[in-house]
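Scroll down for the structure; my scribbles are underneath it.
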There are 2 protein chains.
Amino acid sequence: MSEELRSLLWTGSSLRVLDQLRLPFETEWLECTSYRDVYRVIKNMNTRGAPAIGVAAAYGMALAAREALSVAEPEQFVRDAATHLKNARPTAVNLSWAVDRCLADGAPSLGRDARSTADELAAFAGRLAQEDEDQNLALSRYGARLFEDGDSILTICNTGALATYRYGTAFGSINEAFKQGRKIQVIALETRPYLQGARLTALELVTAGIPFHLVTDGMAGFVMSHGMVTKVIVGADRIASNGDFANKIGTYQLAVLAKYHGLPFYAAAPFSSFDFSIASGLEIAVEQRDEDEVLSFAGKRIAALGARAYNPSFDVTPNELLSGIVTERGVFTPPFVSWEKR
Amino acid sequence: MSEELRSLLWTGSSLRVLDQLRLPFETEWLECTSYRDVYRVIKNMNTRGAPAIGVAAAYGMALAAREALSVAEPEQFVRDAATHLKNARPTAVNLSWAVDRCLADGAPSLGRDARSTADELAAFAGRLAQEDEDQNLALSRYGARLFEDGDSILTICNTGALATYRYGTAFGSINEAFKQGRKIQVIALETRPYLQGARLTALELVTAGIPFHLVTDGMAGFVMSHGMVTKVIVGADRIASNGDFANKIGTYQLAVLAKYHGLPFYAAAPFSSFDFSIASGLEIAVEQRDEDEVLSFAGKRIAALGARAYNPSFDVTPNELLSGIVTERGVFTPPFVSWEKR
């Protein structure tokens, strides 16, 4: 493979969403022509990754504004759509951030001129998408500096082009280092229950040509203790004012294991993932998803009948386990007391 | 369900092996009529768990001795069978321990009288099975004392009746505490890649009626940090002289996480799992299994094409992370400098 992977495509009148539930073996695009379609693809995780969700939701707002042209109260329709979209996934801050920005900055004609509002929101969603692309490229260039020849980088979940509008964050940093010629390799955790590592990150690694091995989530300690890992980098779905951050379930224990083995542990996320309205990770609500995701695999029940499961989709890593946070403004290192532009 | 789960049944002329690859949804018994049949069911993990493997291998020796009645050199045939059986799985010490005991203590007529050898080995395998049952019951009674009302016990893999000839070890201890009326609950890790937790331990928990939740291997840190776990108990496939021990991949990182969260961490195994010929865990060879077990699930490829994987089946936990080792002779606690009978 050599073509670039993309998660979202705006056609001008619809949002085409790559169905990540069918990857890596089937490439099927879902056509969203209404904001409810967008809500569904976010809710059902056909598309996922905090930055990608943010961009998709902005296009959902553009679709809502167009749908509003044929209703009695267009402003209310758009505002209801905003509330609805923000509820699709609770943990990722980019989702509500993108929707709120659409209302605050992207729709000056809202409440006055429905036609102009529709045009404004479509243009604004495009700007958010471009912004995500630009930020990820800048972030990836900062992140790439963390890696040197010989590094074996462990990562979890998927944080590449499929998780963003383009390029990726943690994976973007790895990929950028590789593109710049650094001799690195990757160990990717498969990331149960949704297997983003095995299905998506492995696909991105194969596409990029980066040498890697996949391991199960229970093998992280083994590869660390056997000198097979030199650095860890992960994404972040929401970062609190003190640097605590939420990310895919399994991230927290990776951070504990990295600390125990003396390995640098980085998070990477655009500045839009910061939530300065919360002081610490204690205030982050963790999404609990349906237990069937744990009890089943690919639609097939794996657990004995009668079994129940917990399924927290995220966990929160305290800032003291972090070596640094990679953003489009540079790499922030402890103590995380100021987030001034650098 | 109320009936007791059993892993192995000796018919007098064959070994019936419950096919654990088909659990929890199909109950199918495989009929082993030759030692090569037994080799295959161990190698392919139709039966698994160090104690169960040991007993199965002993019955494999009994079958070999009967097969030897129709060959030119019966003694050589039995000795070749022993070598063959010991190679089925490299990490579990019980396997070679059981086979060696068959030759050393179970076949006094070997090389003199093939008919008597066959009778002796069949009887000896039965004694090893009974010994495993007795030991596990004694071990479970010691282990049960570790648990009290309100405990939420985290465990990995499967260490119950399905992993042994009867009762189990770590799971046996949990089950015994529950049978004695202690109000406990369990959190079981699904244990990728083979999913012994989701498929087998969940089945044993449902059968026993013990309240429990299943979680993915990446959720261990989350449940520990949220106060949802009070104690951890795991099995052990091989224990070195200093207390370092090999167990299912994922055990080592659980021990690190338990230490970080200040939780007691116990291993449980019969004394036959001790290997006093090795000083420390550094001398334990870890079985690397086929990468397809990680790249696939239930025969279905999950990882992107082109992906490679590591698949260490075990890891080694250093003794300093252990709160105690539960055996049929009592619970040994640090420092592990003497293994005298207590």
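Lettering of chains follows the sequences in order, A, B, ..., and the numbering in each one begins at 1.
Taken from CZ in A/Arg192 to CD in B/Glu190, the straight-line distance is 4.0 Å, to the nearest 0.5 Å.
At least one side-chain heavy atom of B/Ile187 sits less than 4.5 Å from a side-chain heavy atom of A/Tyr310. Side chains of A/Leu195 and B/Phe297 form no contact here, defined as non-hydrogen atoms less than 4.5 Å apart. Side-chain contact check for B/Arg301 versus A/Phe25: some heavy-atom pair is nearer than 4.5 Å.
Within the 4.5 angstrom heavy-atom criterion, no atom of B/Met224 approaches chain A. For B/Lys300, the part lying near chain A is the side chain, with the backbone staying farther off; criterion is any non-hydrogen pair under 4.5 Å. Residue B/His261 touches chain A through its side chain alone, counting heavy-atom pairs closer than 4.5 Å.
Interface remark: of the candidates A/Met228, A/Glu293, A/Lys259, A/Met228 forms the most heavy-atom pairs closer than 4.5 Å to chain B. Of all the listed residues (A/Pro211, A/Ala255, A/Pro24), the one sharing the greatest number of non-hydrogen pairs under 4.5 Å with chain B is A/Pro24. In terms of non-hydrogen atom pairs under 4.5 Å with chain B, the most contact-rich of A/Ser225, A/Gly250, A/Ala198 is A/Ala198. Contact tally against chain B (heavy-atom pairs below 4.5 Å) for A/Leu200, A/Ile249, A/Val286: the top residue is A/Ile249. Considering only heavy-atom pairs separated by less than 4.5 Å from chain B, the leading option among A/Ile302, A/Leu189, A/Val223, A/Asn311 is A/Ile302. By number of non-hydrogen pairs under 4.5 angstrom with chain B, the leading residue of A/Leu257, A/Leu295, A/Ile156 is A/Leu257.
Under the side-chain hydrogen bond (donor to acceptor under 3.5 Å, both in side chains) criterion, A/Asp315 pairs with no residue, sequence neighbours left out. Applying the salt bridge (charged side-chain N to carboxylate O under 4.0 Å, His left out) criterion to A/Asp19, with sequence neighbours excluded, gives A/Arg22.
Between B/Tyr252 and A/Tyr260, the ring-plane angle classifies as perpendicular under the 30° and 60° cut-offs.
Of all heavy-atom pairs spanning A/Val294 and B/Leu214, the tightest one is CG1-O, 4.1 Å. Closest approach of A/Pro312 and B/Met219 over heavy atoms only: CD-SD, 3.6 Å.
Of the possible polar contacts, one joining the A/Gln253 side chain to the B/Asp217 backbone as a donor-acceptor pair under 3.5 Å is found.
Within a 6.0 Å radius of CZ in B/Arg6, other residues, nucleotides and ligands contribute more than 12 heavy atoms.
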